[in-house]
Amino acid sequence: MPEFEAIIGLETHIQLNTDSKIFCACSTDSWRVPPNTHICPICTGLPGVLPSLNEQVVEKALILATAMNADEISQASFFARKNYFYPDLPKGYQISQYDEPLAVNGSFELPLPEGNSRHITIIKLHIEEDAGKTVYKDAKRLIDFNRCGVPLVEMVTGPDFRSADEVAKFLIRLRQLLRWLEISDADMERGQLRCDANVSIRNVGEDRLNTKTEIKNVNSITNVRDAVQSEIERQMREVKAGGEIKAWTLDWDDQRGVLSKMRSKETEADYRYFREPDLLPIQTSPSAVAATVSQLPELPLARRSRFSEVYGIPEYDAEILTEERSLSDFFEATVAAHGGNPKRVSNWVMNDVLRLIREQDTLAGELGLRPGELAEIIGMVEAGTISSGVGKELLEQVRSSDRTPAQIVEEDGLAQVSDASELSETAAHILEANPDQVAAYKGGKTGLIGWFVGQMMQETGGQADPKAAREILESLLEG
Ligand code: ZN
Ligand code: MN
């Protein structure tokens, strides 16, 4: 039995987060906006108008090209017209780039489990405009031009993925990177990150690339993984049954979770590409590239490794803390302010700060809790000044207060009670009120000590020092 392997390449379309479109001043906002409200003669291709290039699009595309380690960024790259007829393409052509794209020859090291990684080639990266949207409703086709002229970067990878799971992992990393670089919101549901996958199979050990199919219109990472997996399995069944793989374009049906054939694939010649006569080439000087490189932030994967190396925190922590840039900045600033145990800071950030962030649906930087304040709270818990329960409550209070954590503790009397006489009084009171539990404890159920400590904490509003409370309870119960 021959063993098959899957060969997958991706074509991603990334919507850059500029305010206005690529060749006109219309807003790029198209999510749940009334149809055909963000349009003008330029983006709808009326006669006699001329496009003019939005400089921000080039800047953001350049950031992505350098983050993807593109070896060759063209000093002059050209726009081209990709001609095809479709109702949501009012000009009859899409302004794209073709033979002279912005950048070629990039790479991305995709981390895989057990410290392995997969080298993904970025074949090319080019700038283009989006087309409109066709909506099918009550046996009618409705056309919305709001998306026409929304700026995109098309990024093509080599056929370097070997499983549906690797594809999903890459898309998660790409989304993380785009948000980290603040060049795209990369929300797949909103069409800001789209992905077509080219899938073929071959016998393990072969070098050649067999006929591939192209999967289109998948709108979530989970669906991309499912679609690619089901196509790999289909091709294997087909070949095992003696059939042949044809170069189909396949459409993913979200509702039913199946692929169906859209059409036989066009070849590039069908698009009759030619240079766009209405736009000048994009000039990218080596100094502009150098400036972009020097302004790149530390990228998420680099920061992840640095976190585990420099702070000695587990990889699991480093992964979560670098999922999002603002959180990783917050963690690092807190460690610096705390000056002590990074793992302890990590626990607080991952458990408590992250919970607040999710509840508030915000970013670490906008939480209203400063790294210095968190460091101060952790310090007070470590010093035994406050219980960890009070510490957690303080996180909330600090956010809505001008007072420092220490001031709140002082003024609101939140300091931990470890004073023996005060605790003894409360303990005696609790024993008196619970004769059954006392009898059970004395009869051998010493595990009840936890329950008694719990009562102490409740009675003191969380302020009893649990260790001192336990000692006092034990001495009373055993005395
Ligand atoms: Zn417009
Ligand atoms: Mn494209």
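All values below were derived from every heavy atom in this structure, side-chain atoms included, with hydrogens, water molecules and symmetry-related copies excluded. Bear in mind the structure is a predicted one, so any value in this text is a computation, not a measurement. Just so you know, ligand 1 is whichever comes first in the structure, and atom 1 is the first atom listed for that ligand.
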J.: I'd like to know if the side chain of Thr18 reaches the main chain of Ser20, judged simply by a donor and an acceptor atom lying under 3.5 Å from each other, with no hydrogens or angles considered.
T.: yes
J.: Checking side-chain contact (heavy atoms from CB on, under 4.5 Å) against Leu259, which of Thr213, Leu250, Asp253 comes through?
T.: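 Only one of Thr213, Leu250, Asp253 forms a side-chain contact (heavy atoms from CB on, under 4.5 Å) with Leu259, namely Leu250.
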J.: So which protein N/O/S atoms does the Mn ion (ligand 2) have within less than 2.8 Å?
T.: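 Hits for the Mn ion (ligand 2) below 2.8 Å: His13 NE2, Glu128 OE2, Glu154 OE1.
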J.: Could you label the plane-to-plane angle of the Tyr98 and Tyr273 rings as parallel, tilted or perpendicular, counting under 30° as parallel and over 60° as perpendicular?
T.: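 Ring orientation, 0 to 90° scale: parallel.
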J.: With sequence neighbours left out, what residues match Asn210 under side chain to side chain donor-acceptor pair (under 3.5 Å)?
T.: Arg208
J.: May I ask you to determine how many protein N/O/S atoms are under 2.8 Å from the Zn ion (ligand 1)?
T.: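 Count of protein N, O, S atoms less than 2.8 Å from the Zn ion (ligand 1): 4.
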J.: Please collect all ring pair (Phe, Tyr, Trp, His ring centres under 6.0 Å) contacts where either partner lies in residues 8-37, sequence neighbours excluded, each pair once.
T.: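 Passing the test, one end in residues 8-37: Phe23-Phe79.
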J.: Would you name the heavy atoms of Ile143 and Pro87 that are closest together and state the gap between them?
T.: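 That would be CD1-CB, 3.6 Å.
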J.: Hey, is Arg234 close enough to Glu231 for a salt bridge, meaning N to O under 4.0 Å?
T.: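 Yes.
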J.: Return the CD to OG distance between Glu396 and Ser401, rounded to the nearest 0.5 Å.
T.: 12.5 Å
J.: Could you give the distance from OG (Ser326) to CZ (Arg179), rounded to the nearest 0.5 Å?
T.: 13.5 Å
